[in-house]
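Here is the structure we will look at, set down as structure tokens.
For ligands, and for the atoms within them, numbers begin at 1 and follow the listed sequence.
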Amino acid sequence: MNKIKIALQKSGRLHVESLKLMNDCGININVCYKDKLRVLTNNYPVEIFFLRDDDIPAYIQDEIADIGIVGKNVVCEQQKQFLIKEKLGFGACRLSLAIPKYTIYKEIKDLYGKRIATTYPNILKDYLENKNIYSDIVNISGSVEMAPDLMVADAICDIVSSGETLFKHNLKEIDQVFISEAVLLCCTKNENKMLIKKLLSRIRAVKNAKVNRYISFYVPTNKLDEIYLILLKAKSIKNKLPPMSYPIDNTKYSYVQYIIEESAVFQTLYSLEMNGAENIIIFPVQALAMSNA
Ligand code: PRP
Ligand code: ZN
């Protein structure tokens with residue numbers, strides 16, 4: 001193997017974030033070429049395929065591409081969950097049922113006997129069966145949000161992210177069927193090949209970096225016990241190591257540094273200040289490799 005083939009969404013919700021992830025991994029993709037199906041990069045042995053998201057799982061399964069980024073919704077609809085290597089922490093969305101804004105609706109049973117248009121017939125079928133609702137699933141290939149206006153269906157089941165598409169088409173969300181986010185696909189057969197292993201390690205390091213922050217500060221040495229308790233409460237879940245501290249010569253202070261969860265930053269900052277920490281600096285992290293990540 002002298003090049004990794006990566007399948008990304010050509011346009012749509014995940015396109016920009018997928019390119020950003022590649023860029024954060026040090027792979028510069030010239031977006032001027034995005035109308036092409038295949039793009040080469042000059043700073044990493046990679047070939048990018050820009051595809052319709054629905055085609056990405058098959059490219060991975062058939063080993064035309066080595067790695068792919070796609071919504072979990074697409075993979076589960078195609079029943080190819082075995083290709084999922086890991087979640088990527090972006091592209092959060094939900095597969096939801098929606099109906100025209102002015103339709104009266106009380107409960108899910110109101111969909112009994114109604115026509116529901118979707119490009120996700122398998123996920124929807126499972127969902128309705130679980131709830132004992134018998135509806136007519138109208139399987140269409142795109143522009144699902146137009147179906148009620150075109151009298152093709154009474155309701156739709158489609159991906160909602162910002163909600164803008166539903167809003168523009170005068171539809172209201174009534175129930176969530178499936179929660180999704182971007183996932184990384186890779187053939188198990190290929191994941192140990194050196195170039196792929198190296199790329200997977202970069203992707204994980206970037207992913208860890210996004211949800212963690214580096215914190216450093218000075219604190220009176222006699223306060224270290226309290227400080228350690230605060231930091232361990234805020235630590236990155238993957239971090240097995242304790243905080244690092246060392247005394248500053250000829251002072252009663254120590255210098256402390258650690259990696260903490262991004263979501264815990266401000267609560268931790270406050271608790272540290274209350275316990276005598278000074279000159280607290282929070283740094284963004286560019287890449288973070290952890291032994292068990
Ligand atoms: C989905 C869905 C809507 C849009 C909803 O498309 O079909 O078009 O996202 O997002 P919004 O709530 O932010 O308006 P997606 O990009 O997942 O792929 P698709 O075009 O292949 O359906
Ligand atoms: Zn699609």
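- Residue contacts with ligand 1, taken as heavy atom pairs separated by less than 4.0 Å, involve D53 solely via side-chain atoms from C-beta onward.
- Ring planes of Y134 and Y112: perpendicular class, angle over 60° (limits at 30 and 60°).
- Atoms of ligand 1 found under 4.0 Å from any heavy atom of D158, numbered from 1 in the order shown, are 2 (C), 7 (O).
- Looking at atom 13 (O) of ligand 1, its nearest protein heavy atom turns out to be S162 OG, 2.6 Å.
- For atom 14 (O) of ligand 1, the closest non-hydrogen atom on the protein side is T165 OG1, 2.5 Å.
- Residue contact check: G12 has heavy atoms under 4.0 Å from atoms 16 (O) of ligand 1.
- Angle OD1(D53) to the Zn ion (ligand 2) to OD1(D54): 60° [nearest 10 degrees].
- Atom 16 (O) of ligand 1 lies below 4.0 Å from at least one non-hydrogen atom of the protein.
- Taking every heavy atom of both residues into account, D54 and Q78 meet most closely at O-NE2, 2.8 Å.
- The shortest non-hydrogen separation linking R115 to M151 is NH1-O, 3.0 Å.
- No side-chain N or O of T165 forms a donor-acceptor pair with one of E145 less than 3.5 Å apart.
- Distance check for atom 20 (O) of ligand 1: every protein heavy atom is found at 4.0 Å or beyond.
- Here N73 has no heavy atoms under 4.0 Å from ligand 1, in either its backbone or its side chain.
- At least one side-chain heavy atom of I133 sits under 4.5 Å from a side-chain heavy atom of I108.
- At least one heavy atom of G163 sits closer than 4.0 Å to an atom of ligand 1.
- Looking only at protein heavy atoms, the nearest one to atom 6 (O) of ligand 1 is R13 NE, 4.3 Å.
- Note on ligand 1: Q9 sits in its first shell, one or more heavy atoms being nearer than 4.0 Å.
- Using a cutoff of 4.0 Å between basic side-chain nitrogens and carboxylate oxygens, K5 and D66 are not scored as salt-bridged.
- In this structure, the side chains of D136 and D154 stay at 4.5 Å or more apart for every pair of heavy atoms.
- Contact check for F50 versus I29: side-chain heavy atoms found under the 4.5 Å cut-off.
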